[in-house]
Q: 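One structure, as structure tokens, below. Some questions next.
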Amino acid sequence: MIEAAIKAVTGFITQQAESMARDASYPVPAFRLTVNGADIANLIAPRLISLTLTDNRGIEADTLDIQLSDHDGLLAIPPKDATVRLWLGWSDTGLVDKGTYTVDELEHSGSPDVLNIRARSADLRKGFKAKRERSWSNATLGEVLRAIASAYSLTPVIEQALSALRLLQVDQAGESDANLLTRLGDEHDAVATVKAGRLLFTPMIGGRTANGLALPHVTLARADGDGHRYLQADRDAYTGAKAYYYDVNSAKKREAIAGGGDNIKELRHTYADQQSAIRAARAEWRRIQRGTATLSYTLAKARPELIPELTYTLEGIKQEIAATIWHGGNVQHSLTADGGFTTALELESQLPDELIDELAEREVGTYTGVVAWYRTKDGKQEKVTAGEPKRLKRLARLYANKKNAQKAVDREWKKLQSADA
């Protein structure tokens, strides 16, 4: 029985941790696990090697991995499809509900004997991976998404502006609903995900729910981090994105471009109309711009309340990192007997809300100035400029404050003037 392998837990990881909590009031990791709704008092802590929860952004299922010691051979290999619910937290702040998962992978290995259990988020039913044949004509994006949500008894939560977009043709040919949702998200620069019985579809802007409500903005200090990896990519690798579509009047293949320059990324899919191609090209160009700076950050003390789509400011670290507002992607919470309780974040530079690409941008060298946006203390976005406002080059990064934004535009404006000299 699975109860023999995973027993519901409320308590500290080890006796030593309990002693520390009593003697020094030092916060220690705590977790609770229920199996098929049963909360069993026996502790799993003495067998726990590791517990890892990966909260994925997008349609990919969240995963829960539990590794248990079977040193005495008393653990039974549990059945699949058991329902597991997890809470994570600290002794001084309480537990955070991290959702429900279905066991779908089991492995026993040795020696030493170890039982590995993997569970995936229960909201992603098996039907999401089944290939389907259907299409929609002259439908709104909201109508397509609501049809998919209805098939799985999910509540659709769709950002209003995206829901109202009119799509000339959507074809699902030998494609799963999971792939279709991912494709629709890519084409509209949005995140499609399933959480807590809801199908969520929200713009890839960070810091907001699908209903438009603000999510908490998180400030992290250098002392919070146990490790980081900052990557500044060559932003000139791609200078734009191109999508093809067929002209309904002439049946000729035409192109829609976001960005400009000589090195333009071409999208494989050919679209049914110009507007769809424009949206897809702009979405890809925004993805390219966000990916020019990425940051992996590990918190020495886990923050179980952190989820994808939050925004971050980092303090006490390299200026290039601290100057940027960061948009959160996947979050991984890890609890081990030896390594403690940590949280790993995958971040990318956030784009300003007002960075809306035109169908074709001007070539570098025709700009008369530079503009950048920054986040104010109350969460709003303001801009600063350098040069003349006739043709402004827009910096594709949201800055942490006005000072950093002004430095960036002054630096870029000097660079442009030197190139024109």
Q: Are Lys131 and Gln172 close enough that some pair of their side-chain heavy atoms sits under 4.5 Å apart?
A: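 Not in contact.
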Q: Output, in order, the C-alpha distance, side-chain angles, deciding distance and verdict of side chain to side chain contact (heavy atoms under 4.5 Å, CB included) for Arg85 and Asp97.
A: CA-CA 8 Å; Arg85 189 170 181 181; Asp97 187 353; 2.4 Å; yes
Q: With a 4.5 Å limit on heavy-atom distance, are the side chains of Leu267 and Glu284 in contact?
A: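 Side-chain contact under 4.5 Å: yes.
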Q: To the nearest 0.5 Å, what is the distance between CD (Glu348) and OG1 (Thr324)?
A: 12.0 Å
Q: Mind telling me whether Tyr230 and Trp326 have parallel, tilted or perpendicular rings, with 30° and 60° as the class edges?
A: perpendicular
Q: I'd like to check Lys301 versus Pro27 (side-chain heavy atoms, cut-off strictly below 4.5 Å). Are they in contact?
A: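 Lys301 reaches Pro27 side chain to side chain.
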Q: Would you call Arg183-Glu175 a salt bridge at under 4.0 Å N-O?
A: yes
Q: Do Phe341 and His333 come within less than 4.5 Å of each other through their side chains, counting heavy atoms only?
A: yes
Q: May I ask you to test the Leu295-Leu314 pair for a side-chain heavy-atom distance under 4.5 Å?
A: yes
Q: I want to check something: taking the side chain as every heavy atom from C-beta on, are Lys265 and Lys242 in contact at a cut-off of under 4.5 Å?
A: no
Q: Within the supplied structure, the quantity of interest is the number of heavy atoms (other residues, nucleotides, ligands) at a distance under 6.0 Å from Glu388 CD; does it exceed 12?
A: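 Count not over threshold, so no.
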Q: Would you check if the side chain of Ser121 reaches a backbone N or O of Asp62 as a donor-acceptor pair within less than 3.5 Å?
A: yes
Q: Side chain of Arg146, backbone of Leu141: donor and acceptor closer than 3.5 Å?
A: no
Q: Are Tyr244 and Tyr271 close enough that their ring centers fall under 6.0 Å?
A: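 Aromatic pair excluded; centres sit 6.0 Å or further apart.
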Q: Are the side chain of Thr155 and the backbone N or O of Arg198 linked by a donor-acceptor pair below 3.5 Å?
A: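 Here the side-chain-to-backbone pair does not exist.
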Q: Is Glu305 salt-bridged to Arg303, going by a charged N under 4.0 Å from an acidic O?
A: yes
Q: Can you tell if the side chain of Leu220 reaches within under 4.5 Å of the side chain of Glu315, non-hydrogen atoms only?
A: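 Leu220 vs Glu315: side chains apart.
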Q: So how far is it from Lys129 NZ to Ile59 CD1, rounded to the nearest 0.5 Å?
A: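 Output value for this atom pair is 8.0 Å.
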Q: Using side-chain heavy atoms (C-beta onward) and a distance below 4.5 Å, is Leu395 in contact with Glu412?
A: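 Touching, per the 4.5 Å side-chain cut-off.
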Q: Keeping Asp226 on the side-chain end and Leu299 on the backbone end, is there a donor-acceptor pair under 3.5 Å?
A: no
Q: Just by distance, do the side chain of Asp171 and the backbone of Ala173 share a donor-acceptor pair under 3.5 Å?
A: no
